[in-house]
Every structure is written in C-alpha cells, then in structure tokens.
Amino acid sequence: MRHWLVKSEPFKWSWDQQVAAGTTHWDGVRNHLAASHLRAMRLGDRCFFYHSNEGMEIVGIVEVVREAYPDPSDESGKFVMVDLRALAPLPRPVTLKQIKADPRLSDMALVRMSRLSVQPVTDDEWAHICALGGAAA
DNA sequence: GCCAACGTTGGC
DNA sequence: GCCAACGTTGGC
C-alpha cells in the first residue's frame, strides 16, 4: 500500500465536511504533478487529510475507494479525480510547525514543495506521523 | 497583507 | 524556444 497527502483549504472543504459526506469526489486538481499522483493511487491506499491556509495541520486519514477517472469539472478532459472516503481523525492533529521541526519529517514534500496539493508520503513518514497523532498506522 | 515559489500565457 | 508578465497557492 502506498501513502499520500491531500490538501484542502478548510473554508472550502473541511475535514468535518469530509466526515459528514463520507465518500467524495476529489475533483478540481489542475496541476500535472498532482494529477500524476492521483493516477498512481490504488484502491485501499490511504492519504493524510491536511488543512492548508487555516489550521495548517494534518487532521485525518482518508482511503482511496475509486481509482483515477476523468474529472467532469475539467473541460479539457485531461485531468482526473479519485474518490476518497473518511476513515479516521487524528486524535492529536499534527501541525506543519511540528513537521518542520522534526528531522524525520523535514524532507516531506509538504515542506519542500509547499504548493503541491497531492503528494506522496513515505512509509517511515506515515508511521511517524500516525504515532505523533495517536492514530493506528 | 505580503511575498516566495511555481505554473501558465503570450509576444517575439 | 525563450522569457517577461501575470495569476495562484499557501506560509508567515
């Protein structure tokens, strides 16, 4: 299983909304690198759900329940979306500040490529963040 | 509110 | 094909 991180601005789409909705279409990605990560996602892969701009912390875990297919909101027909289902919150959200300060996490794309909205997470990073957040890995 | 990073657009 | 201008993201 591979692991990922997806970003959302909470005033546009928050973790609480994701939980209330259950499964959602992760649409609107218009960056080619982010889209290539969406295409690499497989059923059952898990993603951290990160609040950008406000909050700036990882707040929960979602699961890939449908692999990449065309995003109908993209008129060019080039971009894809996946379906994500809320799995579990992080009992203790892990903040960007913590991540930057942690030598084991400071190489994350979240730090290195701050604008990338869909990014891979290594197994080590996944396990470490789950431990910090009090979630089962 | 500012600005750095980065992607896209369009003139040449 | 280069690069300046511009728009967007997202941290501070």
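Since we're looking at a predicted model, the values are computed, not measured. Below, chain A is the first sequence line, B the second, and so on; all start at residue 1.
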Item to complete: Measure the distance from CG on A/Asn53 to P on B/dG1 and round it to the nearest whole Å.
Response: 14 Å

Worksheet item: Could you give the NE2-to-C1' distance, from A/His32 to B/dC6, as a whole number of Å?
Response: 13 Å

Fill in: Separation of C/dT8 C1' from A/Arg30 CZ (nearest whole Å)
14 Å

Practice prompt. With A/Arg66 as the cation and A/Tyr69 as the aromatic partner, state whether NZ or CZ is under 6.0 Å from the six-membered ring centre and within 45° of the axis.
Written response: yes

Worksheet item: According to a strict under-4.0 Å criterion, is A/Lys7 in side-chain N/O contact with OP1 or OP2 of C/dT9?
Response: no

Item to complete: Output yes when at least one side-chain N/O atom of A/Lys12 is less than 4.0 Å from OP1 or OP2 of C/dG10, else no.
Response: no

Response to the item:
Across all chains, not counting sequence neighbours, the ring-ring contact (aromatic ring centres under 6.0 Å, His included) partners of A/His128 are none

Worksheet item: Rounded to the Å, how far apart are A/Ile99 CD1 and C/dG10 P?
Response: 14 Å

Practice prompt. Send over the distance from A/Leu110 CG to B/dC6 P, rounded to a whole Å.
Written response: 14 Å

Discussion item. Using 0.5 Å steps for rounding, measure from the SG atom of A/Cys47 to the CD atom of A/Glu63.
Written reply: 9.0 Å

Worksheet entry | d(CG, A/Asn31; C1', C/dG10) in whole Å | 14 Å

Practice prompt. Identify whether any heavy atom of A/Lys97 sits under 4.0 Å from a base atom; if not, whether one sits that close to sugar-phosphate; answer base, sugar-phosphate or nothing.
Written response: nothing

Discussion item. Between P on B/dC6 and CE on A/Met113, what's the gap in Å once rounded to a whole number?
Written reply: 6 Å

Worksheet item: Under a 4.0 Å N-O cut-off, is there an ion pair linking A/Asp71 with A/Arg30?
Response: yes

Discussion item. Under 4.0 Å, counting only non-hydrogen atoms across every strand here, what does A/Met56 touch: a base, just sugar-phosphate, or nothing?
Written reply: sugar-phosphate

Worksheet item: A/Tyr50 side chain N/O closer than 4.0 Å to the phosphate oxygens (OP1, OP2) of C/dG11?
Response: yes

Practice prompt. Look at the rings of A/Phe49 and A/Trp26 and say which category their plane angle falls in: under 30° parallel, 30 to 60° tilted, over 60° perpendicular.
Written response: perpendicular

Worksheet entry | Length of the line joining A/Lys100:NZ and C/dG10:C1', which is rounded to integer Å | 10 Å

Worksheet item: Considering only side-chain heavy atoms of A/Arg115, which listed nucleotide, B/dC6, C/dG11, B/dT8, is closest?
Response: B/dC6

